[in-house]
Asker: 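Before anything else, here's the structure in question.
We're numbering straight along the sequence, starting at 1.
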Amino acid sequence: SVLHQTFTDYEIIVIDDGSTDNTRDVLNKYGNTIRYFYHENVGVVKSRLRGLNESKGAYIATIDSDDIWVPDKLKKQVEILEAYPHLDMLFSDFINFNEHGFYKKTFFDANKVFRAIPTISISNSYPCFKVFERNILGDYIRGNFILPSTIMIRKEVCAKLSMYDGPIEGRDHYEFFLRVFPHLKFGFIDSVLAHRRIHEDKMTTIPRFCDRTINVCQKALQYPWMDEQCRKFLRAELARAYFMLGRYYFVKGDFSKARNLLYEALKSNKCTISAVLLLALTFVFSPAMILAVKRIKNIFLMYLKPIVN
């Protein structure tokens, strides 16, 4: 989708962080269209910083490997940023899809928090270009409506605000916006400029996602511009991440780790019945009991399947 943009004055930069596959050979067929850089396993943060430093353009647009840009994504965003030099960044609506097809609603339309924010269209030439009528930090914390693949940001702003200067991966853009909201001027395009691929099997990503959520919330709670409503929500998210992680390790049979995480969940927020009950069960259950429950469940499902079919 990047190579099929109607806007053609751009560069594609690929930073190969020590891969051992045939990435270089695959990219060679594109010639000078793609600028390729290789270095030995320095990590995501340093790789992104190098990509930023190697770039020659005035704007930075990111895209995750599984996502898709619509053909006029770059054209629309460049035109608006050129027309409104006081803006630092633009983002847009997007739509999710999976192996079954596209979702019925766009992300903005499905996001009640986002649609409740008062906005105004300020351009007759670009009616889909809008700005917010008030500070939206609290809304963003609750709605998380900025997809990295829809962003276009001025390179100078990227460097000044240290967009890629942090250890948090996976939720790094979310943390970035929480950190720089008071210093960022932005608007959005109220139309779909990207498609986000959704992977259904999320069980294996729970520990990683929860760990990163914990890191993000702990950092954000230190920012002085967070009001009490924002802090209340962040503390609730922190407790939820600890609880999800505790439940994950409980199912795995690691009761000691589950117990510590559930204690943290109860310390992070007000006492919840679910966390208390699960914590109590860590003192009652044993790994052998969990294994027995799993076996009974599998046997039940095995006999149930022919009946359902």
Asker: For the pair I120 and I122, evaluate side chain to side chain contact (heavy atoms under 4.5 Å, CB included) and give the outcome as yes or no after the intermediate values.
Answerer: CA-CA 6 Å; I120 184 171; I122 62 173; 4.0 Å; yes
Asker: Taking the inter-plane angle between the rings of F91 and F188 on a 0 to 90° scale, is it parallel (under 30°), tilted (30 to 60°) or perpendicular (over 60°)?
Answerer: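 Ring orientation, 0 to 90° scale: parallel.
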Asker: Quick one: does V78's side chain get under 4.5 Å of M152's, heavy atoms only?
Answerer: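 A side-chain contact under 4.5 Å exists here.
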Asker: Which pair of non-hydrogen atoms, one from D190 and one from F108, has the smallest distance, and what is that distance?
Answerer: OD1-CD1, 3.7 Å
Asker: Ring centres under 6.0 Å, that's the criterion: do Y140 and F145 meet it?
Answerer: yes
Asker: Between the main-chain N or O of T150 and the side-chain N or O of Q77, is there a donor-acceptor pair closer than 3.5 Å?
Answerer: yes
Asker: What's the shortest heavy-atom distance between K155 and G57, and which atoms?
Answerer: CD-O, 3.5 Å
Asker: For the pair Y10 (side chain) and V2 (backbone), establish whether a donor and an acceptor sit closer than 3.5 Å, ignoring hydrogens and angles.
Answerer: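 It does hold such a pair.
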Asker: Which atom pair, heavy atoms only, marks the closest approach of G187 to V131?
Answerer: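 G187 and V131 have their closest heavy atoms at CA-CG1, 4.3 Å.
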Asker: Considering non-hydrogen atoms only, spot the tightest contact between K185 and H86 and give its length.
Answerer: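 The pair with the smallest heavy-atom distance is CD-O, 3.5 Å.
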Asker: Can you measure from OG (S268) to CD (E237) and round to the nearest 0.5 angstrom?
Answerer: 11.5 Å
Asker: Between Q218 and L238, is there a side-chain heavy-atom distance shorter than 4.5 Å?
Answerer: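 Yes, close enough: below the 4.5 Å cut-off.
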Asker: Roughly how far apart are L245 CG and R208 CZ, rounded to 0.5 Å?
Answerer: 13.0 Å
Asker: Which is it for K75 and Q5 under the side chain to side chain contact (heavy atoms under 4.5 Å, CB included) test, yes or no, and what are the steps along the way?
Answerer: CA-CA 8 Å; K75 179 178 181 295; Q5 291 293 299; over 6 Å; no
Asker: Less than 4.0 angstrom from a charged side-chain N to a carboxylate O is my criterion; do E228 and K232 meet it?
Answerer: no
Asker: According to a 4.5 Å side-chain heavy-atom criterion applied to Ile, Leu, Val, Met, Phe, Trp and Tyr, with indirect links allowed, do F132 and I146 form part of one hydrophobic cluster?
Answerer: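 Hydrophobic grouping puts F132 with I146.
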Asker: To the nearest 0.5 Å, tell me how far F176 CZ sits from L184 CG.
Answerer: 6.0 Å
Asker: Counting only heavy atoms not in R240, do more than 12 fall under 6.0 Å of its CZ?
Answerer: no
Asker: Are F94 and I117 connected in a single hydrophobic cluster, I mean Ile/Leu/Val/Met/Phe/Trp/Tyr linked by side-chain heavy atoms less than 4.5 Å apart?
Answerer: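 They do share one cluster, since a chain of ILVMFWY contacts under 4.5 Å joins I117 to F94.
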Asker: Flag the pair S1 / I63 as yes when at least one side-chain heavy-atom distance between them is below 4.5 Å, and no otherwise.
Answerer: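 Side-chain contact under 4.5 Å: yes.
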Asker: For residues L221 and M226, determine if any side-chain heavy atom of one lies less than 4.5 Å from a side-chain heavy atom of the other.
Answerer: no
Asker: For Q229, I'd like to know if atom CD has over 12 heavy atoms of other residues, nucleotides or ligands within 6.0 Å.
Answerer: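 Open.
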Asker: Keeping R212 on the side-chain end and P207 on the backbone end, is there a donor-acceptor pair under 3.5 Å?
Answerer: no
Asker: Does the separation of the ring centres of F102 and H195 fall below 6.0 angstrom?
Answerer: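 Yes - the distance between ring centres of F102 and H195 falls below the 6.0 Å cut-off.
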Asker: Check the hydrophobic clustering (I, L, V, M, F, W, Y; side-chain heavy atoms under 4.5 Å; chains of links allowed) and say if Y126 and V192 are grouped together.
Answerer: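 No, separate clusters.
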Asker: Under the criterion side chain to side chain contact (heavy atoms under 4.5 Å, CB included), I'd like the reasoning laid out for D72 against V70: C-alpha separation, chi angles, the key distance, then a yes or no.
Answerer: CA-CA 6 Å; D72 60 348; V70 302; 3.4 Å; yes
Asker: Looking at H4, is its backbone amide N or carbonyl O close enough to the side chain of W69 to form a donor-acceptor pair, meaning the two atoms are under 3.5 Å apart?
Answerer: no
Asker: Please indicate whether D227 has more than 12 foreign heavy atoms, meaning atoms of other residues, nucleotides or ligands, lying under 6.0 Å from its CG.
Answerer: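 Counting other residues, nucleotides and ligands, CG of D227 exceeds 12 neighbours.
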Asker: Any side-chain heavy atom of L266 within less than 4.5 Å of one from L262?
Answerer: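 No. Closest side-chain heavy atoms not under 4.5 Å.
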Asker: Other residues, nucleotides and ligands only: do more than 12 of their heavy atoms fall within 6.0 Å of NZ on K257?
Answerer: no
Asker: Any heavy-atom pair between the side chains of L278 and F250 that's under 4.5 Å?
Answerer: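 Contact flag for F250/L278 side chains = yes.
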Asker: Checking side-chain polar atoms at under 3.5 Å, does T106 have a donor or acceptor matched by the opposite partner on D93?
Answerer: yes
Asker: Are Y263 and L279 close enough, and set up right, to give a side chain to side chain contact (heavy atoms under 4.5 Å, CB included), and what steps lead you there?
Answerer: CA-CA 8 Å; Y263 275 132; L279 179 61; 3.7 Å; yes
Asker: Any link between L137 and I151 through a network of hydrophobic side chains (Ile, Leu, Val, Met, Phe, Trp, Tyr) touching at under 4.5 Å?
Answerer: yes
Asker: Rounded to the nearest 0.5 Å, how far apart are OH of Y242 and CG of N260?
Answerer: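 With rounding to 0.5 Å, OH (Y242) is 10.5 Å from CG (N260).
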Asker: Kindly indicate whether the side chain of Y36, heavy atoms from C-beta on, has any atom under 4.5 Å from the side chain of I15.
Answerer: no
Asker: Before accepting this row, confirm whether a basic side-chain N of the pair R115/D109 lies closer than 4.0 Å to the acidic partner's carboxylate O.
Answerer: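 Yes, this pair counts.
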Asker: Are F114 and F107 an aromatic pair, judged by ring center distance below 6.0 Å?
Answerer: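 No, too far apart.
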Asker: For F177 and F181, take the angle between the two ring planes, folded into 0 to 90°, and tell me which bin it lands in: parallel under 30, tilted 30 to 60, perpendicular over 60.
Answerer: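 Judged by the thresholds at 30° and 60°, the geometry between F177 and F181 is perpendicular.
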Asker: Going by heavy atoms in the side chains, are S274 and F243 under 4.5 Å from each other?
Answerer: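 SC-SC contact between S274 and F243 confirmed.
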Asker: NZ/K56 to CD1/I13 distance, rounded to the nearest 0.5 angstrom?
Answerer: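 Taking NZ in K56 and CD1 in I13, the distance rounds to 8.5 Å.
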Asker: About how many Å separate CG of L261 and CD1 of I214, when rounded to the nearest 0.5 Å?
Answerer: 6.5 Å
Asker: Does the R259 side chain pair with the main chain of T282, one donor and one acceptor, at a distance under 3.5 Å?
Answerer: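 Looks like yes, one N/O pair under 3.5 Å.
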Asker: Salt bridge between R134 and D139, side-chain N to carboxylate O under 4.0 Å?
Answerer: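 Looking at R134 and D139, the cut-off is met.
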Asker: Is there a donor-acceptor pair closer than 3.5 Å between any side-chain N or O of T119 and the backbone N or O of K130?
Answerer: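 Answer holds: no.
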Asker: Between F97 and L193, is there shared hydrophobic-cluster membership here, with clusters defined by ILVMFWY side-chain heavy atoms closer than 4.5 Å?
Answerer: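 No.
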Asker: Which heavy atom in I60 sits nearest to a heavy atom in S55, and how many Å separate them?
Answerer: CD1-OG, 3.6 Å
Asker: Using the ring centroid of each side chain, check whether Y84 and F186 are separated by less than 6.0 Å.
Answerer: no
Asker: Tell me the closest heavy-atom pair linking P224 and R231, and the distance in Å.
Answerer: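 Nearest heavy atoms, P224 then R231: CA-NH2, 4.0 Å.
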